[in-house]
Amino acid sequence: MADTMQFDLVSPERMLLSTQASEVQIPGAEGEMTAMPGHSPTITTLRPGVLKVTSGGQTTEFAVTGGFAELAPEGVTIMAERALPRAEMTSEVLKDWVAEARKSHEEAHPTVADDAAKLLSDMVAMGGHIGLD
C-alpha cells in the first residue's frame, strides 16, 4: 500500500488544496471519519466542521460548511459548499456563517426545521472547536 494518496479540496470559488496526503479527517454527516491510502470507495455528505489534511508531516485545517467527500483507494476529493483555510477563518466570517444558518433555520418549512437546526448547531460548534466562539 502507498504511503500517500491524492487529495483535492474544491469550493465553488477556488481550488483550495491539491496535494499528496497521508491522512484526511473528514467531518461527515454521520460522524467524523479518517481516510488513508487504500480506503474503501465511499461517498458521504459533509456537515459544518473542521477538515484536517496531513501531508508531509504537517496538518492543515479548513473550516467547511457542507458538501460531499468522495473517498477511493487512490485518493480523496472534497467538494465543499464553502471552505476556508483555518488561517483565513475569522470571528467575523464565522458570525456571518452562523447568521446565515440561523436565518435558514428561522425560515425553514416545518418538515426541514430539524435539519436547519442541526446545521446551525454544527456551525456554532465548529466555531468553538477552532476557538472563534
Side-chain angles (χ1 to χ4, degrees):
M1 181 186 322
D3 291 340
T4 62
M5 62 188 168
Q6 180 60 39
F7 172 78
D8 295 302
L9 172 59
V10 186
S11 74
E13 295 83 29
R14 61 184 167 158
M15 167 71 80
L16 286 121
L17 183 63
S18 181
T19 190
Q20 289 294 306
S22 57
E23 179 179 307
V24 180
Q25 295 177 17
I26 301 165
E30 301 299 318
E32 298 291 322
M33 61 189 306
T34 300
M36 298 173 79
H39 196 285
S40 297
T42 305
I43 295 177
T44 187
T45 55
L46 303 177
R47 64 171 172 72
V50 179
L51 173 75
K52 298 178 182 179
V53 182
T54 302
S55 177
Q58 301 277 6
T59 300
T60 306
E61 296 183 349
F62 297 87
V64 297
T65 63
F68 297 91
E70 180 180 10
L71 292 69
E74 61 280 346
V76 174
T77 300
I78 305 284
M79 293 153 285
E81 290 175 2
R82 226 176 348 197
L84 278 178
R86 170 63 181 94
E88 293 179 24
M89 192 68 181
T90 64
S91 295
E92 200 58 39
V93 170
L94 178 63
K95 181 180 168 185
D96 289 345
W97 287 9
V98 169
E100 287 177 23
R102 184 168 282 119
K103 182 179 178 191
S104 293
H105 177 245
E106 291 167 357
E107 295 175 353
H109 187 276
T111 59
V112 294
D114 287 346
D115 292 339
K118 176 143 178 42
L119 173 71
L120 176 58
S121 175
D122 287 343
M123 194 80 64
V124 171
M126 176 180 60
H129 179 74
I130 59 179
L132 295 176
D133 51 349

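- In the hydrophobic cluster analysis, where Ile, Leu, Val, Met, Phe, Trp and Tyr join through side-chain heavy atoms closer than 4.5 angstrom, Val124 is grouped apart from Val64.
- Annotation: the span from Phe68 atom CZ to Ile78 atom CD1 amounts to 11.5 Å, rounded to 0.5 Å.
- Pairs engaging residues 73-84 under the side chain to side chain donor-acceptor pair (under 3.5 Å) rule: Arg82-Glu100 [sequence neighbours left out].
- Note that the OG1 atom of Thr42 and the CD atom of Glu70 stand 10.0 Å from one another [nearest 0.5 Å].
- The distance from atom CE of Met79 to atom CG of Leu9, rounded to the nearest 0.5 Å, is 10.5 Å.
- Using a 4.5 Å heavy-atom threshold, the side chains of Leu71 and Ser40 count as separate.
- Applying the salt bridge (charged side-chain N to carboxylate O under 4.0 Å, His left out) test to pairs two or more places apart or on separate chains, those with a residue in residues 32-49 are Glu32-Arg47.
- What you find for Gln25 and Pro27 is that their closest heavy atoms are O-CD, 4.1 Å.
- Between Ala21 and Pro37, the shortest heavy-atom distance links the atoms O-CG, 4.3 Å.
- Clustering of Ile, Leu, Val, Met, Phe, Trp and Tyr side chains at separations under 4.5 Å leaves Ile43 isolated, with no partner residue.
- Residue pairs meeting the salt bridge (charged side-chain N to carboxylate O under 4.0 Å, His left out) criterion with at least one partner in residues 4-25, sequence neighbours excluded, are Arg14-Glu88.
- Applying the side chain to side chain donor-acceptor pair (under 3.5 Å) criterion to Thr4, with sequence neighbours excluded, gives Gln20.
- The shortest distance between side-chain heavy atoms of Thr44 and Met33 falls below 4.5 Å.
- When side chains are defined from C-beta on, Arg86 does not count as touching Val50, because their heavy atoms never get closer than 4.5 Å.
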Query raised in the report: Passes side chain to side chain donor-acceptor pair (under 3.5 Å), Glu30 versus Thr45? Steps please.
Result: CA-CA 8 Å; Glu30 301 299 318; Thr45 55; 5.9 Å; no

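- Annotation: side chain of Val53 is in contact with side chain of Leu17 (closest heavy-atom distance under 4.5 Å).
- The side-chain heavy atoms of Thr60 and Ser55, taken from C-beta on, include no pair separated by under 4.5 Å.
- Linking ILVMFWY side-chain heavy atoms closer than 4.5 Å, directly or via other members, places Met5 and Phe7 in a single hydrophobic cluster.
- In this structure, OG1 in Thr90 is found 8.5 Å from CG in Leu84, a value given to the nearest 0.5 Å.
- When all heavy atoms of Ser11 and Ala83 are compared, the closest pair comes out as CB-N, 4.3 Å.
- Contact check for Pro85 versus Leu16: side-chain heavy atoms found under the 4.5 Å cut-off.
- For Thr54, the side chain to side chain donor-acceptor pair (under 3.5 Å) partners two or more places apart in sequence, or in a different chain, are Thr59.
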